[in-house]
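Below is one structure, written out as structure tokens; comments come after it.
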Amino acid sequence: MNHKKNQNLENLLLLFFLIIALVAPLIFGSNQYNMLLVTTVLIYGVMATSWNIIGGLAGQVDLASFAYLGLGAFTSGTLLIRFNFTPWIGMILGGLVAVAFALLIGIPLFRFRIKEVWYALTTCALVEILKVIFNMWEEIGGPVERYLPYFSGSLYHMRFGSYVPYYYLILGMLVIALLVNSRISRSKLGFYLKALGEDEAAAEVLGVNTRACKLRALVYYSFLIGVTGAIYANIYGFIHPSFFNGQESIKIAILGIVGGRGITYGPLLAALLLVGTQELLRASLGAEVSGLYLVVYSVILILVVLFKPKGIATFFQYRNKKPAKQEVKKKNVV
Amino acid sequence: MEVIIQSLFDGALMGCIYALIALGLSLIFGVMNVVNFAHGNFVMLSMYFSFWVASLWGIDAVLTPLITFPLLFIIGMLVYYGIIDRTLKEHYTIQIAVTVGLMTFLGAITQLAWQSRPRALSYSFIQGSIQFGGYTIALSRLISAVISLIIIIGISFFLSKTWPGRAIRATSDDSDAASLMGVDFRKTYALAFGLGSSLTAISGGLLMTFQQVDPTMGLRFGLLSWCILALAGLGSIPGLLISGLIIGIGESLAMSFLGSQS
């Protein structure tokens, strides 16, 4: 019964968020800087929500999110710069390139059963490796920024004069990511993933093909982030190897963990709260004392983790009542 | 050929220090299975402490661990009782989250206290180099490597011969059985965490003799020590030394042949 209640609450919260998000540009739209900030927060929301598929449901702490983001950005950006190829198709291709890379990495990793912290470290190293490769690969990357062609308003090139259209694009991505997430978590694959996330050996004994399941989760995750990467490149107007950012990739995973592993809207909630707070603090404190906003942010992060280890999202969940459990125990004793 | 041998020397000397850094992480991860992402930032913090102590009181960088070692030990214990102890029973992702929070915190604190620009000390009294058949060996690196080796041997002696060391090893094998034998596992965990953190004080002091420090280098040392740990396997000190040498030599060979960019 609680499950049903939680489901209703979840839908209600998401609907509430969506309405606010849809009208937000009316409030912030006049100020482009604020618009960019809100869009940035939403990008983190999209990435953390996508991360929930591999990290929350399947329990694999993947720290390579910005690798897929960068690959998507470089694919679509390079196609646009070199061949004047529209990013609307380019972003799908970017997603596919990210998927191809994810498979290239995921198949051997899962084949050799690299898991837990070792999986996290391998994927963390991946981002740094890609950064170095793109720094040295002069044809595509190189240490100099490559700017996308500038148009003040061209639908074909996905270049708009304002951040508002990008905001709606990212919002659309967020809705897609949330839908994919909730569909997966209710599907057979979702239950398999939850099972292997809890105990991989047990899931395998029960007949779950853990390798295939993890790979499928990885594919969904990398595709969503790859597509987001193409939009990301268009928002900022350039591509650069610094898109492969190890520190921020760790942050995405942290948002997913802090939000509540496996809860569809948890990572989004964490992104809104933590990244929102961080950006606000940065805007208000950053100019005076560098580093102070990070101190406040990290203290908040540690406190949240210590006092809500099951995730921020559990604030908004009905819990199973304890008396029911005790009754069961008594029956067993009798 | 000369370049190769020179890089081999440099890498091997650096590798000893890396092994010392990884030894601290190995104690923490091996004993209590806590995934510590903040280890690299502990190294950075102790480098800053060394810088501070050395420039404030005019002590040589090699001697700063005498002061920073107890300091880091206390900080490690505080971190253990304040944060890590509460997350021991949680999923390992929670430990990652909390130590990443700690990592950000330490990075930010150092940025607040010492600004973002790199800091370095003036020459230590072990500066200079010795010529050895056409090859140059920096004296500071040589002595740092020797000190690292001595500390590593000392720690392995501590782990195998003394009561607290044996308690640490017993707890890492089986904490339930160890607590049945009268080992207070929380105290042992605290000891291991404090020792693991304070070992970075020594490596920090040694690194300060020939390197500068800036707030972004924490993650690099953290990943480096995880690499060494992954290569060495858990609980093997000779393994740590060998993989430290492999990583150090690999790094210095790559640097001299591919350029420092890679």
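Every chain is numbered from 1 and lettered A, B, ... according to where its sequence line falls, protein lines coming before strand lines.
In this structure, chain A has heavy atoms under 4.5 Å from both the backbone and the side chain of B/T93. With a 4.5 Å cut-off on non-hydrogen atoms, B/L219 touches chain A through its side chain but not through its backbone. Heavy-atom distances place the side chain of B/V35, and not its backbone, under 4.5 Å from chain A. With a threshold of 4.5 angstrom between heavy atoms, B/L223 approaches chain A through side-chain atoms but not through N, CA, C or O. Contacts of A/L63 with chain B are made by side-chain atoms alone, with heavy-atom separations under 4.5 Å and no backbone atom involved. Looking at B/F105, the atoms closer than 4.5 Å to chain A (heavy atoms on both sides) sit in the backbone and in the side chain alike. With a 4.5 angstrom heavy-atom cutoff, A/L292 touches chain B via backbone and side-chain atoms both. Contact annotation for A/L301: only side-chain heavy atoms (C-beta onward) come within less than 4.5 Å of a heavy atom of chain B.
For A/E279 and A/Y293, the side-chain atoms include no donor-acceptor pair closer than 3.5 Å. Of the N and O atoms on the side chains of A/Y119 and A/D62, at least one donor lies less than 3.5 Å from an acceptor on the other residue. Of the N and O atoms on the side chains of B/S7 and B/S256, at least one donor lies less than 3.5 Å from an acceptor on the other residue.
Taking chain B as the reference chain and counting heavy-atom pairs below 4.5 Å, the highest number among A/I133, A/L121, A/V304, A/V61 is found for A/L121.
Judged by distance alone, the side chain of A/R146 and the main-chain N or O of A/F238 form no donor-acceptor pair under 3.5 Å. With B/T68 contributing its side chain and B/S50 its backbone, the two residues share no donor-acceptor pair below 3.5 Å.
Figure legend: cation-pi geometry between A/K251 and B/F37 absent, as NZ or CZ is not positioned both under 6.0 Å from the six-membered ring centre and within 45° of its axis.
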### Task
Begin from the C-alpha positions of A/R113 and A/E204 and carry the test salt bridge (Lys or Arg N to Asp or Glu O under 4.0 Å) through to its verdict.
CA-CA 12 Å; A/R113 294 168 192 282; A/E204 205 156 327; 3.3 Å; yes
